[in-house]
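Report on one structure; see the data block that follows.
Just so it is clear, the structure is predicted and the values come from calculations on it, not from any experiment. In what follows, every heavy atom counts, from backbone to side chain, and hydrogens, waters and symmetry copies are set aside.
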Amino acid sequence: MIDKEFLMIPGPTPLPPRVIAAMTHPMINHRGPLFKKIFTETREILKKLINPDGDIFLIPSSGTGAMELAVQNFTNRGDKVIVVDTGFFGDRFFRINLSFGRDAVKLKIPYGRAVKPEEVVNFIKKEKDAKALFLTHNETSTAVANPLKEIVDAVRKVSDMFIIVDAVSSMGILKIDMREWGIDVVVGASQKGLMSPPGIGIVGVSKRALDFALGKDDSYYFGIKNLKAKGDIGQPFTTFPVSTLFGLREALNILLEEGFEKTYERHRIYKKLVRESLKEIGLKFVANDEDSSPCVTAVFSPEGINGEEIVRVSREKYNVEIASIQGDLKGKAFRIGHMGYINSNDLLVTVASVESTLYSLGYKFDLGSGVKKFINLRLNSGV
């Protein structure tokens, strides 16, 4: 039997063949001219993608490393900062701030919905001396997308604090315009919507945030001073994951060829296909329709069926890798990733796998009705 696996989790995501091929390039000198070319081209495409008026920094790191960089470089020890918590990764930003001695206060939102702009503004008015706002754009743990532009617009009417955004799972899937919207720092990573292996953290900064960070001396490996000094001559500060960089550059070229707006629209359609198909078999979702993510869908397990068991059966019996869920919802739900290098055929297989898995675990419904709904929707979707 040929073992073909479908990786349908919220990262790492499947790799395009062009990315895999690019990564087979022989190893090169990470201080040489070819590296400089690839490094520079990658940063330039990322500038087009998120539009900072300052700079783009690439670091050998996961997304969490990029989050740490943001805390270290754009706030000071003892600063009061506000962290919006709409899920597991919002709480991670909070914990990182605490670990670096920031006076972090949390705006906690019930899991399953996005934060409202007026909630953020009201919290800022109570915490008037806060220096920065930390916000997760897309919360993969609860499959919620926060309305970033609307939040930033509202905050800018009452405060000039730094706005620092975790876009690890939204970059390349949801639109981000740092310059036009007034965002100071955006952190991302290579392994989700950017269709590359894990290993490269991405940090976009505004000019004023860059000026602030260049005045600091309390970080080294993730220090903006060190990163900029080398980046300005087309080099990394430390040894870099060269093969992953080849892959990331190629993946960004693929996004350029498709067109960013078409990529965003494709992911919006994927969300609709998955949600409407699973509604057809009676399933409920962690996130409401309005706030739901185009990157991932979190689905409550039917009564009496453990979410971990759904994930196991889907993997072992149907070779479709879906994800469990973190935190308080563990065992009560499962997640389907629909980001990066996937198409509607992958999603159709996934919906069929979910149907088959649930039916075998005793959940009763009109078998095949979700698949039929998916096919009918796809006929008019353009994907």
Parallel, tilted or perpendicular: rings of Phe39 and Phe35 (30°, 60°): parallel
Donor-acceptor pair, side chain of Ser190 and main chain of Ile200, under 3.5 angstrom: yes
Glu316, CD: over 12 other non-hydrogen atoms inside 6.0 angstrom: yes
Inter-residue atom distance Leu245.CG - Arg249.CZ, 0.5 Å rounding: 8.0 Å
Leu194 backbone acceptor or donor facing Ser196 side chain under 3.5 Å: yes
Heavy-atom neighbours of Lys47 NZ exceed 12 at 6.0 Å: yes
Side-chain donor or acceptor of Tyr363 paired with backbone N/O of Ile305 under 3.5 Å: no
Side-chain heavy atoms of Val187 within contact of Leu69, under 4.5 Å: no
Joint cluster assignment, Val383 & Tyr264, ILVMFWY side-chain distance < 4.5 Å: no
Any donor-acceptor N/O pair, Arg102 side chain to Thr75 backbone, under 3.5 Å: yes
Lys/Arg-Asp/Glu bridge criterion (N-O < 4.0 Å) met for Asp55, Arg43: yes
Asn76 side-chain N/O to Asp79 backbone N/O, donor-acceptor pair under 3.5 Å: no
Basic-acidic side-chain contact under 4.0 Å: Asp184, Arg156: yes
Whether over 12 other heavy atoms sit under 6.0 Å from Lys279 NZ: yes
Cationic N near anionic O, under 4.0 Å, Asp153 to Lys157: no
Atom pair OG/CD of Ser159 and Glu127 - distance to nearest 0.5 Å: 12.0 Å
Salt-bridge criterion met for Asp91 and Lys108 (N-O under 4.0 Å): no
Min side-chain heavy-atom separation Tyr111-Glu139 under 4.5 Å: no
Between CD1 on residue Ile38 and NE2 on residue His30, distance to nearest 0.5 Å: 15.5 Å
side-chain hydrogen bond (donor to acceptor under 3.5 Å, both in side chains) assessment of Glu258 paired with Thr263: CA-CA 7 Å; Glu258 180 178 20; Thr263 301; 2.8 Å; yes
is_close_aromatic(Tyr220, Phe237), centroid dist under 6.0 Å: yes
Residue pair Leu46, Leu58: steps toward the side chain to side chain contact (heavy atoms under 4.5 Å, CB included) verdict: CA-CA 10 Å; Leu46 286 166; Leu58 303 180; 3.7 Å; yes
Ile82 side, atom CD1; Asp103 side, atom CG - distance, nearest 0.5 Å: 10.5 Å
Straight-line distance of Phe89 CZ to Thr136 OG1, nearest 0.5 Å: 9.0 Å
Within 6.0 Å of NZ in Lys225, more than 12 heavy atoms from elsewhere: yes
Check: Asn146 side chain, Leu148 main-chain N or O, donor-acceptor pair, under 3.5 Å: no
Member of Arg315, Lys4, Arg335 meeting the salt bridge (charged side-chain N to carboxylate O under 4.0 Å, His left out) criterion with Glu321: Arg315
Lys128, NZ: over 12 other non-hydrogen atoms inside 6.0 angstrom: no
Test applied, side-chain contact (heavy atoms from CB on, under 4.5 Å); reference residue, Phe134; option that passes from Asn97, Asp166, Val84: Asn97
Exceeds 12 heavy-atom contacts within 6.0 angstrom, atom NZ of Lys36: no
Carboxylate-amine/guanidinium proximity below 4.0 Å for Lys330 and Glu308: yes
Whether over 12 other heavy atoms sit under 6.0 Å from Arg95 CZ: no
Arg268/Glu265 salt bridge by N-O under 4.0 Å criterion: yes
Ion pair Lys37/Glu41, N-O distance below 4.0 Å: yes
Inter-residue atom distance Lys271.NZ - Ile269.CD1, 0.5 Å rounding: 11.5 Å
N-O pairing of Lys175 and Glu261 below 4.0 Å: yes
